Peer 1: 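Have a look at the structure that comes next, please.
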Amino acid sequence: MDSISEERKRGKFRTREFLANNFSFIGFALVVVLFEILTQGKLLGARNMMNIFNDFFTIGLGALGLIFVMSLGELDLSVGAIVGFSAAIGSFAADASLVLILPACLISGLLIGLMNGLLVSRLHVESFIETLAMSFVIRGITTFLLNGTRGIGIAMRVFDGDIIKVATFAVVAVACYILYEYTMFGKHIRSVGSIAEAARQSGVPVEKTKLLAFMLCGLLCGIVGFFCLVRACTASTKTGNAFEFSTLLAVVFGGMPLTGGWPVRFRSALVGSVSMAVITSGMSLMGLSGLTQQIVQGAILIGVVTLSFDRRNAVVIK
Amino acid sequence: MENSNILVAEKVSKSFGPVNALSDVDITIGSGEIRGLIGENGSGKSTFASICAGIQRADSGTLLLCGQEYKPGNTIDAMNRGVSMVIQEQGTISGISVAANIFLGKEKLFRKHGILNAARMEQEAQKLLDFIGADFIKAHDIIDTLTFEDRKLVELARTQYCDPKLWIIDETTTALTVTGRELLYKLMKKTRDKGCSVLFISHDIDEIQRMCDSLTILRDGVVTANLYKEDFDEDKIKQLMIGREMSGHYYREDTQGTCSDESVLEAREVCAGILKNVTVSLHKGEILGLGGLNDCGIHELGKVMAGLISPDSGKVYEYGTKEVTDIGWAVDHGIGYVSKNRNTESMMPVGSIADNICLPSLKELSLHKLIRKKTQKTFAEKWSETLEVKSNSVYQFCNALSGGNKQKVVLAKWLGKDSSILILDCPTRGIDIKTKASIYHLIEDLKKKGKSILLISEELPELIGMSDRIVILKDGAVSGEFQRAEGLTEAKLIQKMI
């Protein structure tokens with residue numbers, strides 16, 4: 001009698017652990033099935049696959065950057081603003097030479113990342129507040145500079161090709177994966193996210209690690225800015241709008257704990273981004289308006305955070 | 001006779017996931033009794049206490065309080081029935097006054113028409129503080145102005161408000177000063193003389209023997225013995241806790257200090273915070289004990305020597321010439337620091353054993369800037385096996401380990417790094433005797449291998465038992481120095497401390 005109840009309890013324990021470990025895949029499967037039904041099979045049609053990839057491409061790049069910052073237990077709410085800003089700077093660079101567009105985008109992203117990093121690591125401003133404020137500042141500057149929209153030569157459209165994008169994504173994702181899982185930097189990031197003081201006492205350069213993580217995130221947003229620019233061939237004040245929200249939603253949907261640290265899994269950036277792309281594309285296919293999409297996304301975020309928040313790990317006294 | 005029992009626990013069991021913390025525990029505590037509860041880390045002492053105090057619920061079994069069924073749903077419930085507990089961890093809330101902390105959750109008592117009568121609450125709080133003998137704490141002070149030791153006294157006062165029939169004290173004495181301890185002991189006796197009971201949990205066998213009328217020993221969630229005062233015997237208690245005969249060898253056995261003349265780490269005229277012109281030098285192959293009262297600056301000196309605090313004036317030198325600038329430099333140059341705050345500074349509880357052990361050695365583990373998972377695993381396994389960390393695998397998270405095992409992981413980290421200088425701040429704090437003994441063995445081994453150890457401790461027997469030389473600090477200045485010798489007694493050290 002006792003052994004049966006014991007066995008059952010152990011079984012229950014294992015089921016719960018299984019659910020927690022594979023949260024991201026289960027969410028992904030649910031989303032695919034749901035939208036496949038709702039769109040009457042159009043979601044996974046050959047024609048829609050490229051749409052999904054296009055959504056995935058930008059969200060995925062942003063999520064890859066965000067995962068480094070969030071593993072520190074920090075947040076970056078300025079990613080959308082960085083995308084818009086770097087696209088705007090890119091459009092100015094285009095006036096001088098088309099060759100300068102990419103470096104201009106990358107450098108502007110990197111610089112804002114550097115500023116975020118300095119403020120958070122050296123001046124100890126709470127990253128949530130700092131990056132939110134930074135996003136207002138940058139959006140303001142972008143609006144001032146652009147004064148509406150700015151176009152670049154339509155010839156740049158060639159960079160919006162599928163092969164280039166697939167290749168770019170593959171290279172960036174693999175590089176980030178190696179950086180995250182197999183280098184000192186990746187391990188330092190997670191130890192700082194776990195307990196910064198413990199990391200410091202083990203010889204981890206805490207400030208430098210934070211700074212580099214924010215810079216990396218900025219750089220990746222610069223890449224996103226470049227591809228946004230060449231896709232539309234214009235930079236507008238709307239470029240990168242609500243991008244911080246989509247990326248945040250993606251990593252959280254992928255099972256990323258907001259507390260950061262060692263429980264973070266790299267795959268949450270990728271799986272979450274695919275799920276987000278499917279959700280966005282599915283809702284567009286259903287003909288939902290932008291406003292309705294936002295409501296749905298917001299509801300999903302609340303739901304996912306409630307479900308995935310690991311209370312056992314969060315009670316650790318910081 | 002039935003009614004003279006305050007608490008009767010029958011077949012109490014509790015498990016966490018697949019781990020059985022308590023199985024079929026029977027404990028009977030009579031009125032007017034101070035009952036000790038002792039066992040190794042993870043033996044279920046705290047679990048049993050927290051079930052009695054309503055913090056957790058038992059999976060099965062019954063509790064009777066004064067002959068009536070007792071099933072507390074939460075701590076308030078338990079307090080209403082006359083059971084209160086002083087918890088092991090810090091239990092005060094910062095930013096509010098002492099009085100507000102004492103009456104936390106009971107503000108209703110002082111409410112009139114929805115408005116809190118703060119003045120009356122302070123009066124009551126002060127009365128309580130005076131009652132427990134801590135009249136030097138003022139009820140209107142903000143809690144943050146008190147030392148950690150005094151905050152613990154505030155917690156004691158809080159548990160006294162309900163006039164407990166059963167008063168549970170979980171591992172509190174290590175967090176108290178000498179005067180605080182005296183207060184606690186007096187209060188325990190007072191409670192007993194009223195005909196109420198105390199359940200006293202401690203690692204300190206001396207203290208248990210001195211204070212308790214009877215003793216229950218737990219091992220792996222099972223009661224191994226109930227002893228009465230006349231049967232108390234240190235060796236017997238240890239044996240019942242661990243389940244085998246303890247070897248007589250606990251501290252070092254040699255009576256003569258040995259070390260070379262070469263200075264490996266030296267603080268030269270350091271002033272930092274409380275520290276005033278401290279000059280201390282650690283020699284190669286030496287175990288240097290650093291002792292003193294709680295606020296005398298020994299912990300700060302440890303941090304200064306590890307490069308964690310940069311001194312206001314004065315410098316720290318490694319091998320006489322190289323200046324220790326910051327902790328990063330120190331770690332790279334073979335200095336390992338083990339903080340006394342295990343869960344917040346010396347390790348990452350939400351991280352695997354492997355993550356923790358490998359962290360300082362990542363540079364040595366990488367090949368062409370890349371670290372292979374297998375290299376890490378082998379490294380972590382080697383050192384966790386060397387130190388006999390009890391775990392299923394090195395990928396297990398440390399928050400599931402007991403205090404002693406956590407400390408072994410922390411030490412494994414520095415052994416793996418092969419640090420030649422170790423600064424250990426209270427390395428055996430809150431650790432069961434078995435692990436304690438193995439840590440002492442380890443320190444001795446390290447000394448034999450030519451490593452130098454700075455042992456910071458508030459436990460005098462530990463300092464006397466282990467050190468080649470003991471430096472005593474008092475109010476931030478060096479007040480005495482003793483060489484290892486047979487006739488060295490605690491009294492001699494205390495003289496220099498106060």
Side-chain angles (χ1 to χ4, degrees), chain A residues 1-2 5-17 20-21 71 73 175 177-209 257 259-264 266 310-318, chain B residues 13 15-18 20 59-60 89-90 303 306-308 326-333 335-339 341-352 354-363 365-373 375-376 395 397-400 410 413-414 417 419:
Chain A
M1 195 44 201
D2 254 11
S5 68
E6 190 105 316
E7 193 53 45
R8 217 176 266 161
K9 205 162 69 190
R10 226 165 260 175
K12 213 167 140 194
F13 186 70
R14 241 182 264 143
T15 319
R16 205 189 298 157
E17 204 166 1
N21 282 337
S71 294
Y177 178 68
I178 292 174
L179 198 58
Y180 195 79
E181 295 283 354
Y182 294 98
T183 65
M184 273 172 82
F185 174 61
K187 306 212 176 270
H188 282 174
I189 279 193
R190 287 197 271 178
S191 60
V192 171
S194 191
I195 295 182
E197 189 53 34
R200 186 193 314 282
Q201 295 191 3
S202 291
V204 176
V206 176
E207 279 73 30
K208 191 174 137 202
T209 306
T259 36
W262 291 101
V264 178
F266 185 78
D310 191 344
R311 284 162 190 85
R312 265 177 320 158
N313 288 346
V315 284
V316 173
I317 312 143
K318 277 217 170 181
Chain B
S13 299
S15 56
F16 298 102
N20 287 325
D59 294 341
S60 63
E89 296 85 15
Q90 195 75 33
K303 285 196 167 182
L308 268 168
D326 62 81
I327 178 85
W329 187 93
V331 171
D332 283 343
H333 290 77
I335 301 176
Y337 172 74
V338 175
S339 163
N341 302 319
R342 206 173 306 131
N343 288 323
T344 52
E345 290 181 21
S346 63
M347 72 166 342
M348 306 173 285
V350 188
S352 70
D355 296 332
N356 272 293
I357 293 182
C358 296
L359 190 58
S361 312
L362 288 175
K363 209 179 273 171
L365 291 175
S366 40
L367 185 71
H368 309 304
K369 297 262 175 203
L370 296 180
I371 305 157
R372 287 177 57 198
K373 293 232 151 77
T375 324
Q376 251 188 318
Y395 292 130
F397 270 27
C398 294
N399 48 10
V410 177
K413 165 165 105 171
W414 295 117
K417 176 82 184 169
S419 303

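By convention in this document, chain letters (A, B, ...) are assigned in the order of the sequence lines, proteins followed by strands, and residues within each chain are numbered from 1. Remember, predicted model here, so these are calculated numbers, not experimental data.
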Peer 1: Quick one: CD on A:Glu197 to CG on B:Asn341, what's the gap to the nearest 0.5 Å?
Peer 2: 9.5 Å
Peer 1: Which atom names give the shortest non-hydrogen contact between A:Pro263 and B:Val350, and what distance separates them?
Peer 2: CG-CG1, 3.6 Å
Peer 1: For A:Thr183 versus B:Ile371, what's the shortest heavy-atom pair and its separation?
Peer 2: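 The pair with the smallest heavy-atom distance is C-CD1, 3.7 Å.
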Peer 1: Need one label for A:Val206: side chain, backbone, both or neither, based on atoms under 4.5 Å from any heavy atom in chain B.
Peer 2: neither
Peer 1: Name the region of B:Trp414, side chain, backbone, both or neither, that has any atom closer than 4.5 Å to a heavy atom of chain A.
Peer 2: side chain
Peer 1: If I measure from the heavy atoms of chain A, does B:Lys417 come under 4.5 Å with its side chain, its backbone, both, or neither?
Peer 2: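 For B:Lys417, neither part sits under 4.5 Å from chain A.
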Peer 1: Considering all heavy atoms of both residues, which atom of A:Gln201 and which atom of B:Leu308 are nearest to each other, and what is their separation?
Peer 2: NE2-CD1, 3.4 Å
Peer 1: Would you say that A:Tyr182 contacts B:Lys373 through its side chain, given a criterion of any heavy-atom pair below 4.5 Å between the two side chains?
Peer 2: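 With C-beta onward as the side chain, the pair touches.
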Peer 1: Considering all heavy atoms of both residues, which atom of A:Met184 and which atom of B:Leu362 are nearest to each other, and what is their separation?
Peer 2: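 Minimum heavy-atom contact is CG-CB, 3.6 Å.
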Peer 1: Which heavy atom of B:Gly351 sits nearest to which heavy atom of A:Trp262, and what is that distance?
Peer 2: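 Scanning both residues completely, I find the closest heavy atoms to be CA-CD1, 3.6 Å.
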Peer 1: Taking B:Gly328, B:Ser361, B:Ser339 one by one, which has the highest count of heavy-atom pairs under 4.5 Å against chain A?
Peer 2: B:Ser339
Peer 1: Closest heavy-atom contact between A:Ile195 and B:Met347?
Peer 2: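 Reported closest heavy-atom pair: CD1-O, 3.7 Å.
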